[in-house]
Structures are given as structure tokens and as C-alpha cells.
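Quick note: residue numbers are just sequence positions, from 1.
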Amino acid sequence: MRLYNTEHGPAREDESGVLAVVDLPDLGDVVRDGGLDRIESAPCVEKVPLADARLFAPVPRPGKVIIVGLNYPSHGEEALAMFAAMGKPDIQLPTLPNFYIAAASAVTGPGAPIRLPQVAPAQVDYEGEVAVVIGRDGADISAFDAWKHVAGFTIANDISARDIQQRAITGDPTATIATAKSFDTFKPLGPCLVTADEFGKPLDLRIRTRVNNELRQDDRTSSFIHQIPDLIAYLSRFHVLQAGDVICTGTPAGAGLFSKRFLVSGDVVEVEVEGIGVLTNPVTTRR
């Protein structure tokens with residue numbers, strides 16, 4: 001199913017371009033209650049053209065937003081090249097997933113503006129990602145059982161204030177990577193949630209990011225270093241994964257940090273994922 005959070009309520013896209021609104025709570029609440037089957041069977045109370053619908057994040061306030069880093073070989077290679085240029089050629093990529101937890105309050109929806117924060121407006125960067133939405137609670141989940149805990153997938157743009165992130169990496173005690181990724185509006189999600197049964201395993205989706213129609217990132221999830229079941233198994237050793245949690249699975253090469261092309265007010269960022277859609281957000285300095 002393709003599911004949307006709209007101003008009219010949660011909706012299914014039963015036919016292309018037309019949303020069937022159902023009389024249920026916010027889609028995020030339905031996910032947290034483990035009730036996606038309720039949406040599939042709920043009667044339609046209104047039909048709305050997708051093009052006319054105001055959309056919100058599929059899960060507006062997840063319990064946790066987990067950010068996985070360095071999960072595409074292409075991104076790892078550019079990171080190593082950057083460290084070598086900084087005079088640190090001996091740095092190696094981690095062999096296990098590395099991750100951070102960002103504030104859920106950073107989540108925003110499709111079409112909503114990404115705001116450049118007043119305290120760190122100069123090096124705001126995009127990272128297009130596929131996001132897993134957890135549909136069933138679990139701790140110490142095995143990789144074999146991991147898919148049973150996946151409600152579906154959406155698109156994320158993992159926005160970061162790179163100057164704060166770089167301060168954290170170099171040991172500044174006043175900065176953290178989580179802070180760099182947790183400013184308001186720094187985690188756009190959308191435009192929809194597509195249930196896990198719509199995809200093959202392992203996941204093989206093309207992901208592309210454009211800024212002002214210029215292609216910046218282009219890769220496939222089949223190149224993941226750590227596949228979805230392994231990520232879920234690993235992360236669930238540290239935290240109970242709860243229905244409604246979001247896992248951002250990493251970004252490919254091409255983020256602005258590596259070309260020093262950061263976002264400025266007036267930019268438009270699009271993240272497109274095969275089988276899910278396009279997440280579009282403008283950039284602004286205005287609140």
C-alpha cells in the first residue's frame with residue numbers, strides 16, 4: 001500500500017493520483033498502534049486528488065530518529081579522501097554500523113521549508129536517504145526476523161549543520177553530531193509510506209538527490225554496506241525499536257560537504273527514490 005498523511009486524515013492511494021481518505025487517526029498514530037491493516041480495510045470517506053492534497057510527514061513525531069552513517073561505499077570513499085586531504089590518511093571506516101539519534105522535533109513534511117538556523121546558517125547540507133519505519137516493537141531482534149518489524153519505507157533528507165558536525169568530530173566539547181542533525185525542520189520525511197510488502201528483498205532502489213534540478217547524488221540501495229536486516233538487528237541491541245521509530249539508512253556520495261556547495265535560501269532540494277516518490281523541500285531563512 002501507498003499511504004499518505006493528509007490534512008483530511010490518513011489516505012490510501014488505491015488508484016494512481018487519487019487518495020482514498022479513511023476515518024482513522026493520524027497515520028503516525030496508526031503505525032504506532034501497529035494498525036496498518038486497519039487502513040487497508042477501512043472504508044473510504046472521501047476521495048482527494050493527490051495533486052491537491054496537503055501532505056504531512058508519514059510519522060510526524062517518531063519516538064526515535066536513528067541516523068546511520070557511512071552505509072554506501074561511495075560515501076565512505078569520499079569521506080576517506082576528505083580525511084586524507086586533512087592529513088589523516090590512517091583513518092579507517094568502521095566495520096560495524098555507526099549511528100546517532102536525532103531529535104524527533106526535527107521532523108517536517110513534504111513541501112515544508114528547511115530553515116537555516118540563525119546560529120549555524122552557513123554550512124547546511126543535504127543527504128538523501130531511504131528511511132525504514134518500524135511497525136512492531138522489538139529488542140535484540142535477529143536479522144532473520146528483522147523484516148517482521150518493518151512497517152514500510154519513506155524518503156528522508158538528513159539535513160546537517162556541517163560546521164557544528166565538524167566541530168564535534170574534531171573534539172569540541174560544546175558541539176555534538178546529534179545537535180548538528182537536530183535543528184527544527186532538519187529531517188524532512190515523505191511524501192508517503194510504502195508498506196514493506198511492496199518491495200523485494202534485499203532492497204534494491206535507485207536513490208537520487210537534486211538541488212535546483214542539478215543531480216548531486218545517484219546510487220542504489222543494493223550497494224548498502226549493511227543491509228536492512230543487519231541494521232535492525234544491530235540497532236536493536238542498543239535500543240528497543242518501537243513502532244513509529246524511523247531509521248535513516250545512510251546516504252550515497254555527493255553531499256554538499258565534499259564539494260563545499262551548501263544550501264542557501266531559495267534552493268529547492270528533491271530526493272527521489274524508486275518505488276516511493278519524490279520528497280521536495282525549499283530552503284529558507286524565515287521562520
Any chain of hydrophobic side-chain contacts (each under 4.5 Å) joining Ile67 to Leu96?
-> no
Taking it one step at a time, do Glu274 and Arg206 satisfy salt bridge (Lys or Arg N to Asp or Glu O under 4.0 Å)?
-> CA-CA 5 Å; Glu274 181 181 8; Arg206 187 179 185 184; over 6 Å; no
Partners of Tyr72 by ring-ring contact (aromatic ring centres under 6.0 Å, His included), sequence neighbours excluded?
-> Phe224
Honestly curious: do Val59 and Val30 fall in one hydrophobic cluster under the side-chain, below-4.5 Å linking rule?
-> yes
Contacts of type ring-ring contact (aromatic ring centres under 6.0 Å, His included), residue Phe262, not counting sequence neighbours = none
side-chain hydrogen bond (donor to acceptor under 3.5 Å, both in side chains) partners of residues 256-268, not counting sequence neighbours, each pair once = Asn212-Asp267, Glu214-Arg261, Ser259-Arg261
side-chain hydrogen bond (donor to acceptor under 3.5 Å, both in side chains) between Ser74 and Asp219, intermediate numbers included = CA-CA 8 Å; Ser74 62; Asp219 212 322; 2.9 Å; yes
Co-membership, hydrophobic cluster, residues Ile155 and Leu205, 4.5 Å side-chain = yes
Minimum side-chain heavy-atom gap Leu55-Leu50 below 4.5 Å | yes
Report the residues that fulfil ring-ring contact (aromatic ring centres under 6.0 Å, His included) with Phe186, sequence neighbours left out, ordered by chain and then residue number.
-> Phe183
Among residues two or more places apart or on two chains, list those pairs meeting side-chain hydrogen bond (donor to acceptor under 3.5 Å, both in side chains) that have a residue in residues 34-59.
-> Glu15-Lys47
Under the ring pair (Phe, Tyr, Trp, His ring centres under 6.0 Å) rule, what pairs show up with a residue in residues 13-60, not counting sequence neighbours?
-> none
Excluding sequence neighbours, so at least two apart, what forms side-chain contact (heavy atoms from CB on, under 4.5 Å) with Arg210?
-> Arg208, Leu215, Glu270, Glu272
Please check if Leu19 and Leu3 belong to a single hydrophobic cluster, counting links between Ile, Leu, Val, Met, Phe, Trp and Tyr side chain heavy atoms closer than 4.5 Å.
-> no
Heavy-atom check, side chain of Pro58 versus side chain of Leu189, under 4.5 Å | yes
List the steps and the verdict of side-chain contact (heavy atoms from CB on, under 4.5 Å) for Ile247 and Ile134.
-> CA-CA 8 Å; Ile247 302 171; Ile134 296 296; 4.1 Å; yes
Is a salt bridge present between Asp158 and Lys187, judged by a nitrogen-to-oxygen distance below 4.0 Å?
-> yes
Mind checking side-chain hydrogen bond (donor to acceptor under 3.5 Å, both in side chains) for Asp29 and listing every partner two or more places apart, or none if nothing turns up?
-> Arg32
Between Thr179 and Thr176, do the side chains contain an N or O donor and an N or O acceptor separated by less than 3.5 Å?
-> yes
Derivation of the side-chain contact (heavy atoms from CB on, under 4.5 Å) call for Val150 and Ile232 = CA-CA 9 Å; Val150 177; Ile232 289 173; 3.5 Å; yes
Between Glu198 and Met1, is there a donor-acceptor pair closer than 3.5 Å when you use the side chain of the first and the backbone of the second?
-> yes
Grouping ILVMFWY residues whenever side-chain heavy atoms fall under 4.5 Å, the cluster of Leu80 otherwise contains Leu70, Leu93
Show every donor-acceptor pair shorter than 3.5 Å between a side-chain atom in residues 122-131 and any protein atom, with sequence neighbours excluded, or say none if there are none.
residue	atom	partner	partner atom	Å
Asp125	OD1	Gly256	N	2.7
Asp125	OD2	Arg162	NE	2.7
Asp125	OD2	Arg162	NH2	3.0
Asp125	OD2	Gly256	N	3.3
Asp125	OD2	Leu257	N	2.8
Tyr126	OH	Arg216	NH1	3.2
Tyr126	OH	Gly254	O	2.7
Tyr126	OH	Gly256	N	3.3
Glu127	OE1	Lys181	NZ	3.2
Glu127	OE2	Arg162	NH2	3.3
Glu129	OE1	Thr249	N	3.4
Glu129	OE1	Gly250	N	2.8

Val268 and Val211, any side-chain heavy atoms less than 4.5 Å apart = no
Listed pairs under 3.5 Å, donor-acceptor, residues 97-120 side chains, sequence neighbours left out:
residue	atom	partner	partner atom	Å
Asn98	ND2	Tyr100	OH	3.2

Which residue pairs pass the ring pair (Phe, Tyr, Trp, His ring centres under 6.0 Å) test with at least one member in residues 189-222, sequence neighbours excluded?
-> Phe153-Phe199
Could you walk me through whether Asn281 and Asn157 pass side-chain hydrogen bond (donor to acceptor under 3.5 Å, both in side chains), step by step?
-> CA-CA 9 Å; Asn281 297 89; Asn157 192 346; 5.2 Å; no
